Amino acid sequence: MLSKPQIRTITSLQQKKFRKENGLFIVEGTKSLTEFIHSDYLVQHIFYTPQAAAKLGKIPQNIKSEEISEQELNRISALKTPQGALGLVEIPKEISLDPGQLRSQFHLVLDGVQDPGNLGTIIRTAEWFGFNQLICSLDTVDVYNPKVVQASMGSLARMRIYYTDIERLAANATVPVFGAVLDGVSLYEAAFSGEGLIVLGNEGNGISAAVLAHVGHRVTIPRVGGAESLNVAVSAALFCAELARRG
């Protein structure tokens with residue numbers, strides 16, 4: 001049976017302040033948990049219902065595990081419909097971005113993306129198209145927000161996420177800097193040449209003026225209909241698909 005202190009600690013991890021304080025984040029669902037168990041992340045503790053035990057399979061001995069009731073899972077889950085298991089995973093130590101890593105490949109760079117679902121979807125999409133790193137501005141939503149983790153559907157377990165000053169990054173970049181805007185060269189005609197930063201902006205305001213000043217190549221997804229803009233996760237998918245198509 002879960003103790004009150006356990007419940008308080010676990011539910012507090014829905015807030016960034018307490019994730020940072022405890023060095024932990026929440027992963028929910030047997031599929032996503034299995035992805036993290038077999039990754040470089042350190043899973044500290046798993047809580048699961050009897051119905052979910054078979055789906056989880058054998059839990060490694062170095063991970064604490066505890067069977068709980070569905071009612072208890074409801075008390076600690078961030079989901080309206082809990083998915084049978086919840087794990088506490090250690091937040092890895094921050095690693096500085098080495099500018100040398102930017103050469104000979106493309107990187108998605110997110111400028112102030114605020115919606116957790118968008119970030120999680122971008123992580124999942126980026127992995128699909130072969131990216132293993134993502135660069136975020138310091139004001140982009142926390143990657144360990146439960147909604148981000150959930151939307152990434154396990155892809156976060158294999159992606160490295162960097163938070164950095166992207167204005168400085170763009171200003172000092174030794175690779176081309178491309179920006180997704182409404183008034184640029186068509187995505188399908190842009191001069192992608194094997195490496196570069198692909199900057200995608202905030203849901204409502206786009207790329208900030210400070211970062212846009214360092215964008216050397218403005219690129220737009222051609223509009224056919226009457227919609228004013230595209231969702232940032234959809235834009236990311238289209239850029240990834242075009243880069244993959246060109247090889």
Side-chain angles (χ1 to χ4, degrees), residues 14-17 19-20 94 97 99 102 106-129 131 133-152 155-156 159-192 195-243:
Q14 295 179 30
Q15 299 178 51
K16 182 177 180 179
K17 170 186 174 182
R19 289 194 293 273
K20 188 173 182 179
E94 289 186 20
L97 180 65
L102 304 179
F106 288 99
H107 285 82
L108 296 183
V109 179
L110 306 184
D111 182 13
V113 170
Q114 294 298 300
D115 183 82
N118 281 338
L119 178 54
T121 300
I122 290 170
I123 291 169
R124 184 181 180 187
T125 302
E127 195 207 3
W128 175 271
F129 285 103
F131 291 79
Q133 299 183 145
L134 184 67
I135 302 171
C136 299
S137 64
L138 297 173
D139 60 344
T140 290
V141 62
D142 179 26
V143 71
Y144 301 115
N145 178 305
K147 292 180 180 178
V148 176
V149 178
Q150 193 67 26
S152 79
S155 287
L156 177 59
M159 290 282 285
R160 179 165 288 179
I161 313 296
Y162 295 95
Y163 281 82
T164 190
D165 180 340
I166 66 168
E167 180 186 351
R168 181 181 300 173
L169 177 72
N172 298 316
T174 56
V175 296
V177 181
F178 300 87
V181 297
L182 292 174
D183 57 344
V185 174
S186 167
L187 169 65
Y188 309 112
E189 298 173 1
F192 298 120
E195 62 182 6
L197 304 179
I198 310 295
V199 184
L200 298 155
N202 170 270
E203 290 88 346
N205 302 314
I207 300 172
S208 63
V211 174
L212 193 58
H214 304 292
V215 169
H217 305 269
R218 295 179 176 229
V219 182
T220 188
I221 297 166
R223 178 171 60 180
V224 177
E228 290 186 1
S229 62
L230 275 178
N231 173 277
V232 65
V234 172
S235 296
L238 291 170
F239 270 86
C240 287
E242 178 62 12
L243 292 172

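By convention here, the first residue in the shown sequence is residue 1. Computation of the quantities below employed the complete heavy-atom set of this structure, encompassing side-chain atoms and omitting hydrogens, waters and symmetry-equivalent molecules. On a predicted model such as this, the values are computed, not experimentally measured, just so you know.
- Side-chain contact between Leu108 and Ile122: present, with at least one pair of heavy atoms (C-beta onward) separated by less than 4.5 Å.
- Using cut-offs of 30° and 60° on the angle between ring planes, the pair Phe192 and Phe239 is perpendicular.
- Not one N or O on the side chain of Asp111 forms a donor-acceptor pair closer than 3.5 Å with the backbone of Ile207.
- A donor-acceptor contact shorter than 3.5 Å is absent between the side chain of Thr220 and the backbone of Pro222.
- The shortest side-chain heavy-atom distance between Val148 and Val141 falls under the 4.5 Å cut-off.
- Shortest non-hydrogen contact noted between Arg223 and Glu228 is NH1-CA, 3.8 Å.
- We find the OG1-CZ distance between Thr125 and Phe131 to be 10.5 Å, quoted to the nearest 0.5 Å.
- With a 4.5 Å cut-off on side-chain heavy atoms, Val211 and Val199 count as touching.
- Between atom CD of residue Gln15 and atom NZ of residue Lys20 there is a gap of 14.5 Å, rounded to the nearest 0.5 Å.
- Atom OG1 of residue Thr140 and atom CG of residue Leu134 lie 8.5 Å apart, to the nearest 0.5 angstrom.
- Counting all heavy atoms, side chain and backbone alike, Val113 lies closest to Gly201 at CG2-O, 3.9 Å.
- At distances below 3.5 Å, not a single donor-acceptor pair connects side-chain atoms of Asn145 with backbone N or O atoms of Pro116.
- Looking at Glu203 and Asn118, their side chains do bring a donor and an acceptor atom within 3.5 Å of each other.
- For the pair Gln114 (side chain) and Gly204 (backbone), a donor-acceptor distance under 3.5 Å is absent.
- By the 4.5 Å heavy-atom criterion applied to side chains, Leu102 and Leu169 are counted as neighbours.
- For the residue pair Ser155/Ser152, the side-chain donor-acceptor check at 3.5 Å is not satisfied.
- Distance alone, capped at 3.5 Å, is enough to place a donor-acceptor pair between the Arg19 side chain and the Gln14 backbone.
- With rounding to the nearest 0.5 angstrom, the CZ atom of Arg124 is 13.0 Å from the CE atom of Met159.
- Each of Leu243, Leu110, Val109 was evaluated against Ile198; a single residue qualifies, Leu243, per the side-chain contact (heavy atoms from CB on, under 4.5 Å) test.
- With a 4.5 Å cut-off on side-chain heavy atoms, Ile161 and Cys136 count as touching.
- Using a 4.5 Å heavy-atom cutoff, the side chains of Leu212 and Val181 are in contact.
- Atoms CG and CG, from Asp139 and Asn202 in turn, are 8.0 Å apart once rounded to the nearest 0.5 Å.
- Expressed to the nearest 0.5 Å, how far NE2 of His107 lies from OH of Tyr162 amounts to 7.5 Å.
- A pairwise comparison of heavy atoms in Gly117 and Ala151 identifies O-CB, 3.9 Å as the closest pair.
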**Worked verdict on Leu238 versus Leu187 for side-chain contact (heavy atoms from CB on, under 4.5 Å)** = CA-CA 9 Å; Leu238 291 170; Leu187 169 65; 4.3 Å; yes
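- Counting heavy atoms from C-beta on, the side chains of Tyr163 and Ser137 never come closer than 4.5 Å.
- Checked against Phe178 for a side-chain contact (heavy atoms from CB on, under 4.5 Å), the options Leu197, Val215, Val219, Val185 give a single hit: Val219.
- Annotation: side chain of Phe106 is not in contact with side chain of Val175 (no heavy-atom distance under 4.5 Å).
- A pairwise comparison of heavy atoms in Ala241 and Phe129 identifies CA-CE2, 3.6 Å as the closest pair.
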